[in-house]
Amino acid sequence: MAEFKYEIVENVALLSESSKGWKKELNRVSWNGREPKYDIREWSPDGDKMGKGITLSDEEAAILKKALAARDDI
């Protein structure tokens with residue numbers, strides 16, 4: 001399996017925390033030295049392990065922000 005590198009460039013928001021200490025976060029992450037993207041995923045209490053997540057470009061994040069802002073039930 002190919003090794004990959006990541007760097008959390010900015011912690012944007014803590015979305016939730018499980019009873020076992022895993023934290024769902026919105027961060028700006030640089031994957032393999034590329035431009036940072038918005039990233040939503042769970043991180044272990046020590047920050048060494050991560051769960052599956054979703055990565056969004058700036059354009060995708062802007063569309064999501066607009067869609068959420070337009071909803072009345074949030």
Side-chain angles (χ1 to χ4, degrees):
M1 190 166 164
E3 183 181 339
F4 70 96
K5 297 180 182 182
Y6 67 91
E7 176 187 359
I8 298 176
V9 176
E10 178 185 1
N11 296 101
V12 179
L14 173 63
L15 303 176
S16 64
E17 186 171 350
S18 76
S19 60
K20 295 185 179 183
W22 281 69
K23 297 177 182 177
K24 189 178 298 178
E25 299 177 348
L26 171 62
N27 295 311
R28 297 275 291 163
V29 179
S30 171
W31 298 98
N32 294 319
R34 295 188 179 106
E35 282 293 314
K37 294 188 175 192
Y38 287 96
D39 184 82
I40 301 171
R41 72 181 63 242
E42 288 187 326
W43 295 88
S44 65
D46 59 10
D48 287 344
K49 296 179 184 174
M50 65 181 87
K52 291 183 180 180
I54 182 170
T55 301
L56 302 169
S57 67
D58 289 346
E59 294 80 17
E60 291 168 329
I63 292 169
L64 178 60
K65 179 181 175 183
K66 185 177 179 181
L68 290 173
R71 296 187 55 95
D72 291 334
D73 58 343
I74 294 181

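Since the structure is predicted, the reported quantities are computational estimates derived from the model, not experimental observations.
- Scanning both residues, Arg28 and Pro36, for their nearest heavy atoms gives NH2-O, 3.5 Å.
- A distance of 9.5 Å separates CG of Asp73 from CG of Leu68, quoted to the nearest 0.5 Å.
- Interatomic distance, Glu25 CD to Glu17 CD, rounded to the nearest 0.5 Å: 9.0 Å.
- Of the inter-residue distances, the one linking Arg71 atom CZ with Lys66 atom NZ reads 15.5 Å to the nearest 0.5 angstrom.
- Going from atom CD of Glu42 over to atom OG of Ser16 covers 6.5 Å, rounded to the nearest 0.5 Å.
- Considering all non-hydrogen atoms of both residues, Glu60 and Thr55 come closest at OE1-O, 4.0 Å.
- Side chains of Arg41 and Asn27 form no contact here, defined as non-hydrogen atoms less than 4.5 Å apart.
- Of all the heavy atoms in Ala61 and Leu56, the pair that sits closest is N-CB, 4.2 Å.
- If you chain together hydrophobic residues whose side chains sit under 4.5 Å apart, Leu64 and Ile54 fall into the same group.
- Leu15 and Val12 fall within a single hydrophobic cluster, where Ile, Leu, Val, Met, Phe, Trp and Tyr are joined by side-chain heavy atoms under 4.5 Å apart, directly or via other members.
- Under the 4.5 Å side-chain heavy-atom criterion for Ile, Leu, Val, Met, Phe, Trp and Tyr, Met50 and Ile8 are members of the same hydrophobic cluster.
- Rounding to the nearest 0.5 Å gives a distance of 9.5 Å between CH2 of Trp43 and CG of Asp48.
- Residues Lys49 and Trp22 meet the side-chain proximity criterion, which asks for heavy atoms closer than 4.5 Å.
- The line from CG of Asp39 to CH2 of Trp31 is 5.0 Å long, rounded to the nearest 0.5 Å.
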